[in-house]
Amino acid sequence: MFSVQEQIVRYLKQQRELYGDAVYIARQEHLRVVSTDMAQVNSDGWEETSTLDDLHQQIHECLNCPLGSTRTNFVFGSGNHNADLMVVGEAPGADEDLQGLPFVGRAGQLLTKILESIGLMRDDVYICNILKCRPPNNRKPLASETDECEPYLVKQIALVKPGFILALGLTSANTLLKNKESMTSLRGRIHDYHGIPTIVTYHPAALLRNPEWKKSTWEDVKYLRSLMTP
Ligand code: URA
Ligand code: URA
């Protein structure tokens, strides 16, 4: 058997054969560089924010669209600030609006189970939505609302720097990926969100109405898990 030190030396030699003298360490480090560039490119006159908490502070009183006046709470996001996986839903519902946290109602409980089925705890991932405020009667977000709110999500993604994104439902997928494709055409392949591999699956609220879609969702999340490092 090789000692740990010998194994490290062998590994480094192998890396040098593959990549030359440049040392590539963790993927998170690459993403930090990529995302910093992205933040600079996207800088549009906002105060620079360095953490999610700063961003939350800066935007939680937003009144840029009419939903600001009807919300109970601004629903920023929750979970691991350095998550490898970022889960993006549509918009807060009644429970989320009351608690100020994403995915805490019935759909959220199903999301928790779906994540656990692939060995992820809610606290391992970062969870948020396209819209931060609840649309009245849970109607679909309007394009005007999405346009106002999406820059907040872009900032969140740049701060979390996830290795992967899971888009839940068509609103999330079509908004992130800037297309109008159907769920059938979006599922089962890897999309590219500014360099971040993105997987699309059914929204858990849709699964509550259509339990026959659960099997496909299970396949989607297993596929996602197989892409992520263990
Ligand atoms: N549905 C969503 O899209 N997001 C939530 O936070 C809750 C329900
Ligand atoms: N149609 C929906 O409304 N939601 C989904 O998640 C998939 C199809």
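Atoms within a ligand are numbered from 1 in the order they appear, just like the ligands themselves. Only heavy atoms go into these numbers, but all of them, side chains included; no hydrogens, no water, no symmetry mates.
Among Leu85, Val125, Thr198, Val87, the one residue that satisfies the side chain to side chain contact (heavy atoms under 4.5 Å, CB included) test with Phe164 is Leu85.
The aromatic rings of Tyr202 and Trp213 lie parallel to each other, their planes meeting at an angle below 30°, with 60° marking the opposite boundary. Ring geometry for His56 versus His60: interplanar angle over 60°, hence perpendicular rather than tilted (30 to 60°).
Shown here are the side chain to side chain contact (heavy atoms under 4.5 Å, CB included) partners of Thr70, two or more places apart in sequence or in another chain: Leu67.
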Audit row: Tyr126, His81, side chain to side chain contact (heavy atoms under 4.5 Å, CB included) steps and yes/no: CA-CA 6 Å; Tyr126 190 80; His81 291 195; 4.2 Å; yes

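Under 4.0 Å from any atom of ligand 1, one finds heavy atoms of residues Gly89, Glu90, Ala91, Glu96, Pro102, Phe103, Asn129, His203.
Closest heavy-atom contact between Ala83 and Asp124: CB-O, 3.4 Å.
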